[in-house]
Peer 1: 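Let me begin by handing over the structure; questions about it come next.
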Amino acid sequence: MKKKYPLVACLAAAALFVPMGPAAAGSTSPDPTVLADGLVTPLSLAVGRDGSVLVTQNFVGRLDRVEDTGQIANVYTKANWDVGGVETRRGTTYFVESVGAGGGNPDALEGYLKSIDEWGTVNAIADLADYEREHNPDGDEEYGFGSDVPAECLQQWPVFPPAKYTGAVDSHPYATAVKGSTAYVADAGMNAVLEVDLDSGDVSTLAVLPPRPAAIPAGTRIPIDMAGGTVEVPACVVGHEYAFESVPTDVEFGPDGWLYVSSLPGGPEDRSLGERGAIFKVNPWTGHTRLWAEDILSPTGIAVSDHGDVYAASMFGNEIVEIDAWTRESSQFLAVDGPAAVELSGDTLYATAGFSFGQPTGTVIKADIK
């Protein structure tokens with residue numbers, strides 16, 4: 001089974017190419033308020049009706065609450081696991097946890113949707129890794145080069161990412177949205193959005209995101225490891241399209257009742273192949289999926305306003321962008337280093353920022369949108 005290009009590798013590849021210096025201030029960029037700092041990889045957050053803020057420190061396996069004083073109170077910890085995808089509804093906190101994503105060993109995968117009730121009791125709702133091993137939602141998707149690239153040319157392509165492959169068994173649950181008795185999970189390993197019945201724990205596939213092809217330009221160098229190694233692509237593939245995976249990073253409901261899903265393009269996250277991140281809309285009743293917006297650099301989190309405007313965290317673009325509901329035109333809302341997650345509560349946008357691998361540089365911020 002071919003190893004996928006996992007979300008962590010996508011982010012690592014981006015970190016190799018995109019400088020994380022001070023964000024350039026936008027002419028209309030608001031001044032954010034810092035609610036908490038010193039966080040490690042805060043990749044998701046949720047805001048309760050009472051204004052309480054929950055944040056995950058994914059790579060150190062923590063789910064925390066930001067107190068009014070700015071202090072961090074731990075809610076849940078699972079060391080050496082990835083804890084993320086936090087959501088809160090009616091006093092219950094939902095989140096996902098996983099281990100083994102992108103490692104190429106399906107038997108080592110573990111991943112769950114869990115909840116914490118108002119008394120602090122933790123419940124396992126669904127085993128997502130088992131579902132992936134049994135169903136592999138993107139197993140029929142074809143990634144890599146098409147039949148227009150000769151076999152002798154493909155032999156010159158590096159081992160990873162593969163020249164041609166179908167969706168492997170991999171699971172990295174990354175984001176959740178909850179409505180009624182159903183949770184929707186964006187899984188960055190499956191390249192799919194799952195439905196989970198919160199009462200029975202039954203899991204089903206709502207939608208698989210379509211591949212994101214990109215033409216390979218001359219002189220392109222692709223990362224071959226997480227230590228900074230790169231290799232120039234062979235000349236015979238120049239101009240041909242490579243179908244990269246769509247890697248879902250967030251899922252949110254819009255005012256039209258559809259799900260909005262942000263997606264990394266599954267390959268280098270720098271600008272060498274263009275700003276290829278996208279936002280899809282998924283019909284929660286039928287699973288019908290359509291492209292809603294594209295040309296976004298590394299969208300790792302989104303929030304949808306009551307009017308349908310979308311705010312997207314462009315992690316390696318060092319900004320949060322606002323996408324108009326009608327024109328789908330994008331403009332900078334906030335210049336900030338390494339934003340990862342965004343949420344709306346009334347007229348306030350909450351976000352995490354300062355993404356860095358393993359370093360306590362992360363923050364939780366908020367800013368008025370009007």
Peer 1: Can you confirm whether N80 is buried at CG, in the sense that more than 12 heavy atoms of other residues, nucleotides or ligands lie under 6.0 Å from that atom?
Peer 2: no
Peer 1: Closer than 3.5 angstrom, by distance alone: can the side chain of N136 be matched with the main-chain N or O of G167 as a donor-acceptor pair?
Peer 2: yes
Peer 1: Where do F253 and W258 land on the ring pair (Phe, Tyr, Trp, His ring centres under 6.0 Å) test, with the steps shown first?
Peer 2: CA-CA 6 Å; F253 272 97; W258 283 53; over 10 Å; no
Peer 1: Can you tell me how far OH of Y76 sits from OG1 of T93, rounded to the nearest 0.5 angstrom?
Peer 2: 12.5 Å
Peer 1: Got more than 12 heavy atoms from elsewhere within 6.0 Å of CG, D68?
Peer 2: no
Peer 1: Apply side-chain hydrogen bond (donor to acceptor under 3.5 Å, both in side chains) to T300 and T249, showing your working.
Peer 2: CA-CA 5 Å; T300 54; T249 55; 5.9 Å; no
Peer 1: Within the side chain of S330, is there an N or O that forms a donor-acceptor pair under 3.5 Å with the backbone of V321?
Peer 2: no
Peer 1: Would you check if the side chain of S305 reaches a backbone N or O of H307 as a donor-acceptor pair within less than 3.5 Å?
Peer 2: yes
Peer 1: Looking at Y94, does the NZ or CZ of K114 lie under 6.0 angstrom from its six-membered ring centre and within 45 degrees of the ring axis?
Peer 2: no
Peer 1: Looking at L206, V185, L259, which hits side-chain contact (heavy atoms from CB on, under 4.5 Å) with V251?
Peer 2: L259
Peer 1: Run the numbers on E142 and Y165 for side-chain hydrogen bond (donor to acceptor under 3.5 Å, both in side chains), then give the verdict.
Peer 2: CA-CA 6 Å; E142 296 183 351; Y165 65 107; over 6 Å; no
Peer 1: Would you kindly confirm whether V261 and Y184 end up in one hydrophobic cluster when ILVMFWY residues are joined by side chain heavy atoms under 4.5 Å apart?
Peer 2: yes
Peer 1: Hey, what's the ring geometry for Y112 with W81, parallel, tilted or perpendicular (30° and 60° as the breaks)?
Peer 2: parallel
Peer 1: Quick one: sort the F357 and F59 rings into parallel, tilted or perpendicular, breaks at 30° and 60°.
Peer 2: parallel
Peer 1: Might you confirm whether atom CH2 of W326 has over 12 heavy atoms from other residues, nucleotides or ligands at distances under 6.0 Å?
Peer 2: no
Peer 1: Using atom types as modelled and distance alone, determine if a side-chain donor or acceptor of T220 lies under 3.5 Å from a backbone N or O of P217.
Peer 2: yes
Peer 1: Counting heavy atoms not belonging to D148, are there more than 12 under 6.0 Å from its CG?
Peer 2: yes
Peer 1: Find the distance between NE2 (H135) and CG (D130) and round it off to the nearest 0.5 Å.
Peer 2: 9.5 Å
Peer 1: Are more than 12 heavy atoms, taken from residues, nucleotides or ligands other than R290, located less than 6.0 Å from that residue's CZ atom?
Peer 2: yes
Peer 1: How many angstroms lie between atom CG of L264 and atom OG of S246, to the nearest 0.5 angstrom?
Peer 2: 9.5 Å
Peer 1: Show which side-chain atoms of residues 44-56 pair as donor or acceptor with protein atoms under 3.5 Å away, not counting sequence neighbours.
Peer 2:
{"unit_1": "S44", "atom_1": "OG", "unit_2": "T56", "atom_2": "OG1", "d": "2.7"}
{"unit_1": "S44", "atom_1": "OG", "unit_2": "G85", "atom_2": "N", "d": "3.1"}
{"unit_1": "S44", "atom_1": "OG", "unit_2": "V86", "atom_2": "N", "d": "3.3"}
{"unit_1": "D50", "atom_1": "OD1", "unit_2": "S52", "atom_2": "N", "d": "3.0"}
{"unit_1": "D50", "atom_1": "OD1", "unit_2": "S52", "atom_2": "OG", "d": "2.7"}
{"unit_1": "T56", "atom_1": "OG1", "unit_2": "S44", "atom_2": "N", "d": "3.3"}
{"unit_1": "T56", "atom_1": "OG1", "unit_2": "S44", "atom_2": "O", "d": "3.4"}
{"unit_1": "T56", "atom_1": "OG1", "unit_2": "N58", "atom_2": "OD1", "d": "2.7"}

Peer 1: Should the pair R133-D107 be classified as a salt bridge under the 4.0 Å nitrogen-to-oxygen rule?
Peer 2: no
Peer 1: Give me the one residue out of V178, L194, L198, D127 that meets side-chain contact (heavy atoms from CB on, under 4.5 Å) with L113.
Peer 2: L198
Peer 1: Between Y242 and F244, how do the two ring planes meet: parallel, tilted or perpendicular, split at 30° and 60°?
Peer 2: tilted
Peer 1: Is the number of heavy atoms from other residues, nucleotides or ligands within 6.0 Å of CZ (R65) greater than 12?
Peer 2: no
Peer 1: Let me see the working for N191 and E141 under side-chain hydrogen bond (donor to acceptor under 3.5 Å, both in side chains), right down to the final yes or no.
Peer 2: CA-CA 10 Å; N191 302 327; E141 293 288 343; over 6 Å; no
Peer 1: Would you give the length of the straight line joining atom CZ of F316 to atom CG of L297, rounded to the nearest 0.5 angstrom?
Peer 2: 8.5 Å
Peer 1: Would you compute the distance between atom CG of D197 and atom OG1 of T182 and round it to the nearest 0.5 angstrom?
Peer 2: 6.0 Å
Peer 1: Answer with yes or no whether the side chains of D82 and Y174 bring together a donor and an acceptor at under 3.5 Å.
Peer 2: no
Peer 1: Check for me whether the distance between the ring centres of Y260 and W292 falls short of 6.0 Å.
Peer 2: yes
Peer 1: Does the pair E294 and R212 meet the rule for a salt bridge (charged side-chain N to carboxylate O under 4.0 Å, His left out), with working shown?
Peer 2: CA-CA 11 Å; E294 55 184 343; R212 295 285 289 164; 3.2 Å; yes
Peer 1: Keeping the roles fixed (side chain from D170, backbone from G102), state whether a donor-acceptor pair exists under 3.5 Å.
Peer 2: yes
Peer 1: Starting at CG of L334, measure out to CG of D31 and round the result to the nearest 0.5 Å.
Peer 2: 9.0 Å
